[in-house]
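Here's the structure, in structure tokens; my notes come after.
The structure displayed is predicted, hence computed values, not measured ones. Naming: A, B, ... by sequence-line order, numbering from 1 per chain.
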Amino acid sequence: MALTAFPISPAKPLTAITTIPQFPHNPKTLILQQCKTTRDLNQVHAHLIKTRLLLNPTITENLLESAAILLPNAMDYALSIFHNLDEPDTLVYNIMIRSLTYKLSPLEAFLLFKKMQESSAEPDEFTLSSILKACSKLRALREGEQIHAHIVKCGFKSNGFVENTLIHMYATCGELEVARRVFDGLPERARMAWNSMLAGYMKNKCWDEVVKLFHEMLKLGVGFDEVTLTSVLTACGRLANLELGEWIGDYIEANRLKGNIALVTSLVDMYAKCGQVETARRFFDRMDRRDVVAWSAMISGYSQANRCREALDLFHDMQKANVDPNEVTMVSVLYSCAVLGALKTGKWVEFYIKKEKLKLTVNLGTALIDFYAKCGCIDSSIEVFNRMPSTNVFSWTALIQGLASNGQGKGALEYFQLMQEKNIKPNNVTFIAVLSACSHAGLVNEGRNLFTSMIKDFGIEPRIEHYGSMVDILGRAGLIEEAYQFIKNMPIQPNAVVWRTLLASCRAHKNVEIGEESLKHIISLETPHSGDYILLSNIYASVDRREDAIRVRDQMREKGIEKAPGCSLIELDGVIYEFFAEDKACPHLEEVYNATHDMMKRIKEAGYVPYTTDARLDAEEDEKEASVSHHSEKLAIAFGLIRTLPGTTLRISKNLRVCTDCHNATKMISKVFNRQIVVRDWNRFHHFKEGSCSCNDYW
DNA sequence: GTAGGGTTAG
């Protein structure tokens, strides 16, 4: 092996490292243990050249290994040593292929392997397992199969490591059955092989198979280790298999395995996904070290349990603990911001992503699109979408859904068209999004055509949600009778949601008969919501059947169903304020009610007339007026008006549908106070501006 | 000299 000197600065004095007397006798220990930086390595290298020790191939290999594998950022150095070797042997190739696979690029590793095949160096079992790993990373099934053939031909098959990487490669490339065949064909299945097979099922989300294989391990008595348990716990979480999960949890406690951070993280994740967030939190709190994955798991646990405020609180704790969030953490954080309508926090997240150069992965991009859409900033959603390096059906669906709920039905359909031109196949959720676009935009014929096309052209079996969307499209457009017949002719049993949709249309179009029937159906299917009775009561009120209206409300009370209190949120300066209707315990009580009073006075002067038909029926007219003027939405808007500078857009999210009076009032407020007001109700957005609303009074 | 495991979206 011929060697060329690596450029070093001649002016630099040699450090003590290179003058250690025993250096020639134990070069390996010296280099591996003492070189902490590229600079150290550089000096050892210089010394080796000077003393001609580098002529010893073992020493060169050790040097290479230090640069390529042990030091974090010395790949260039390793490459330059490598390129100066005349005839690298198998060992040298192995070092390079392995380090390229992990550190630089599996593709480079593969190209080097090709070069190796043209050389005299013979691949051994180390080479083959490394290159199979590279194939996994590249999802290069074809190449992996070729290596497999080579392995069989050369008889490396009985090597445990090679077998494992083979299973791993097939599983990663989605060829689970082949992976299983390799696994089943092993003469001796070591625990490592079982773990690889489990990992394969995990990668392909075959959670049932993970549990099945684990039971088989128990039955055959092959034993298991911490890696096995980590996989099985993850599967238990996805399957909500608390029984097995708890069994493993007990095992972990009994065997003092709590120092294993990955294992405990999967335990935390399992408890959270099985709905036991408190238990998850207890384990999380008791961890003696928490890395970014542990924090992310707990944050996502809260967000999936619909405890988004706690998710954001924990995110703040994470920052206080100086653990840097990654792309995955931010997905859960953004989801929580979306649910809460926490625009400021979410915007900060995007700023952080840019500043810290986090990768805009498909998941993260999709979470951002959804977050902005759910905060009513659909332009920002589009901007994020356009910046994403790669998109998939999830990102397109999020965008289409966002456009639909923000009143841009036509835009949603345009993106749906564009998506198909880009050869991204819509799935059943995409169709829920486009159908809802048609419904929000009042596009009846488009909706009918899409529904047919979904079945005929895309082979997607309509689910209850698709039928529900069709009922919504027809009902909102006033085609109540057609919607009713549509439900009657459904091939699957309609659920309460479908009837509730029809009931809401009956309210909008004052159809008493079908409204009554809809409520009957809802009652026969599930415990009705307070809103169901209120809709029917309001239908009666709207056609002057006051007695009936009161009767329905009494019925509701008799059954012990309370009216869900209206609740509105507004985020000001990163703080979320919560208001309830007739709230007597809200923050800044007097200030809020005074502001509301002034606000109502000013819009009345501008011509607003209270709409009290839907208000409490037993009340006198002036009481009704007072009652509607204290709806949570009005309190939140009034508070927003006095707490922000003129011209600032107000963003409100609320738990119920916007009522007719609040809708009228907010239109007027937007004009009188010259503000844009964005209201997110339980299923869509209202962008109020200059006295009108993006929904065109159609919601 | 080699591996396998934990968190994420519509």
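- Residue Q401(A) places its side chain closer to dG10(B) than to any other of dA9(B), dG6(B), dG10(B).
- Of the candidates dG5(B), dG1(B), dA9(B), dG5(B) carries the atom nearest the S231(A) side chain, counting heavy atoms from C-beta on.
- Scanning atom types as modelled, no donor and acceptor separated by under 3.5 angstrom connect the side chain of T230(A) and the base of dG6(B).
- Atom NZ in K137(A) sits roughly 10 Å away from atom P in dA3(B) (whole-Å rounding).
- Checking dG5(B), dA9(B), dT7(B) against every side-chain atom of N326(A), the shortest atom distance belongs to dT7(B).
- Cation-pi geometry between R180(A) and F183(A) is not satisfied (NZ or CZ under 6.0 Å from the ring centre, within 45° of the ring normal).
- Y170(A) has its OH atom 20 Å from the P atom of dA3(B), to the nearest Å.
- Closest approach to the S296(A) side chain among dG6(B), dT7(B), dG1(B) is made by dT7(B) (side chain taken as heavy atoms from C-beta onward).
- Side-chain contact check for N94(A) and T127(A): at least one donor-acceptor pair (N or O, by modelled atom type) lies under 3.5 Å.
- Stacking between F126(A) and dG1(B) is present: the aromatic ring centre lies within less than 5.5 angstrom of the base six-membered ring centre, and the two planes differ by under 30 degrees.
- In the set dT8(B), dG10(B), dG1(B), dG10(B) carries the atom at the smallest distance from any side-chain atom of D370(A).
- No contact: F224(A) has no heavy atom under 4.0 Å from any strand.
- Considering I400(A), L399(A), V393(A) in turn, V393(A) is the only one that fulfils the side-chain contact (heavy atoms from CB on, under 4.5 Å) rule with T397(A).
- Between the side chains of N363(A) and T366(A), not a single donor N or O lies within less than 3.5 Å of an accepting N or O.
- Legend: salt bridge (Lys or Arg N to Asp or Glu O under 4.0 Å) pairs involving residues 261-273 of chain A, not counting sequence neighbours, sorted by first then second residue: D269(A)-K273(A).
- Side-chain proximity of M202(A) to the nucleotides dG6(B), dA3(B), dT2(B) is greatest for dG6(B).
- On a pure distance criterion of 3.5 Å, a polar donor-acceptor pair joins the side chain of N260(A) and the base of dG5(B).
- A close approach under 4.0 Å does not occur between any side-chain nitrogen or oxygen of K273(A) and OP1 or OP2 of dG6(B).
- Rounded to an integer number of Å, the gap from CZ of F161(A) to P of dA3(B) is 7 Å.
- Within 4.0 Å of L91(A), counting heavy atoms only, lies at least one base atom of the nucleic acid.
- K374(A) comes within contact range of no nucleotide atom at all, as no heavy-atom separation falls under 4.0 Å.
- Among the protein residues, V393(A) comes within range of the nucleic acid bases, having at least one heavy atom under 4.0 Å from a base atom.
- In this structure, M197(A) atom CE and dA3(B) atom C1' are separated by 16 Å, rounded to whole Å.
- Residue I261(A) is classed as a base contact, given a heavy-atom separation below 4.0 Å to a base.
- Spacing between atom CZ of R191(A) and atom P of dG5(B) amounts to 16 Å, rounded to whole angstrom units.
- A367(A) comes within contact range of no nucleotide atom at all, as no heavy-atom separation falls under 4.0 Å.
- For the pair R98(A) and F126(A), the cation-pi criterion (under 6.0 Å, within 45° of the ring axis) is not fulfilled.
- Side chain of N363(A), nearest nucleotide from dT8(B), dG10(B), dG1(B): dT8(B).
- Distance from the side chain of V328(A) is smallest to dT8(B) among dT8(B), dG5(B), dG10(B).
- Side-chain proximity of A294(A) to dG6(B), dG10(B), dT2(B): nearest is dG6(B).
- Distance, I97(A) CD1 to dT2(B) C1': 13 Å, rounded to whole Å.
- R290(A) forms a cation-pi arrangement with F284(A), by the criterion of a distance under 6.0 Å to the ring centre and an angle within 45° of the ring axis.
- Residue-level contact check: R289(A) touches neither bases nor backbone, having no heavy atom under 4.0 Å from any strand.
- Looking at residues 297-320 of chain A, you'll see A297(A), S300(A), Q304(A) sit with a heavy atom under 4.0 Å from some atom of DNA chain B.
- Straight-line distance from the CE atom of M388(A) to the P atom of dA9(B): 14 Å, rounded to whole Å.
- Under 3.5 Å, the side chains of T430(A) and N427(A) contain a donor-acceptor pair of N or O atoms.
- At a cut-off of 3.5 angstrom, the base of dG5(B) holds no donor-acceptor pair with the side chain of D225(A).
- Checked against dG5(B), dG10(B), dT7(B), the side chain of L263(A) finds its nearest nucleotide in dG5(B).
- The CD1 atom of I131(A) sits 16 Å away from the C1' atom of dA3(B) (whole-angstrom rounding).
- Judged as a ring pair (Phe, Tyr, Trp, His ring centres under 6.0 Å), and not counting sequence neighbours, Y335(A) has no contacts.
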